[in-house]
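Here the structure is laid out as structure tokens; the discussion comes afterwards.
Computed over heavy atoms, backbone and side chain alike; hydrogens, waters and symmetry mates excluded.
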Amino acid sequence: MSPKCGTQTISKHLRIPLNIKYSQNEIKNILNDTEVKKVIVVRDVIDRFYSGFIEDLDRKSTRLNSSHA
């Protein structure tokens, strides 16, 4: 799963558990099963990079401020 693409929100609303470990054989079976619905989430690469960059800046700023308290 790609981080910061709404996977937790989608999982919550569809009531699908996250982080299940599947074997390669199980993955092939799921992908080939026409009864199983599949969802692909795509996020703009530039938007994702910018969001992560701002988040990192905010974390570093928070750490710097808390270390001087």
Side-chain angles (χ1 to χ4, degrees):
M1 294 184 306
S2 298
K4 309 296 281 181
C5 288
T7 51
Q8 289 186 6
T9 301
I10 292 167
S11 171
K12 177 182 169 186
H13 288 287
L14 296 179
R15 297 185 180 121
I16 301 169
L18 293 175
N19 301 321
I20 298 173
K21 302 292 182 193
Y22 293 104
S23 70
Q24 290 292 326
N25 196 36
E26 289 173 314
I27 292 170
K28 287 179 187 176
N29 289 337
I30 290 168
L31 291 174
N32 290 322
D33 186 347
T34 58
E35 297 295 316
V36 176
K37 295 199 187 270
K38 290 97 175 161
V39 176
I40 297 174
V41 178
V42 180
R43 183 169 176 188
D44 178 62
V45 176
I46 302 298
D47 181 50
R48 172 61 187 102
F49 176 79
Y50 178 74
S51 175
F53 179 74
I54 296 300
E55 185 177 344
D56 285 347
L57 285 178
D58 187 46
R59 283 186 187 157
K60 289 177 184 169
S61 173
T62 303
R63 278 191 229 131
L64 289 173
N65 290 336
S66 65
S67 66
H68 294 343

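Of the inter-residue distances, the one linking Lys12 atom NZ with Leu18 atom CG reads 12.5 Å to the nearest 0.5 angstrom.
One finds no salt bridge joining Asp44 and Arg48 here, because no Lys/Arg side-chain nitrogen approaches an Asp/Glu carboxylate oxygen to under 4.0 Å.
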Taking distance alone, no hydrogens or angles, what donor-acceptor pairs closer than 3.5 Å link side-chain atoms of residues 26-35 to residues at least two apart or in another chain?
unit_1	atom_1	unit_2	atom_2	d
Glu26	OE1	Ser23	N	2.8
Glu26	OE1	Ser23	OG	3.4
Asn29	ND2	Asn25	O	3.4
Asn32	ND2	Lys28	O	3.0
Asp33	OD1	Glu35	N	2.8

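Linking ILVMFWY side-chain heavy atoms closer than 4.5 Å, directly or via other members, places Ile20 and Val36 in a single hydrophobic cluster.
In this view, Leu14 and Ile10, Ile16 satisfy the side-chain contact (heavy atoms from CB on, under 4.5 Å) rule, not counting sequence neighbours.
For Lys37, the NZ atom sits in a loose shell: 12 or fewer heavy atoms of surrounding residues, nucleotides or ligands are nearer than 6.0 Å.
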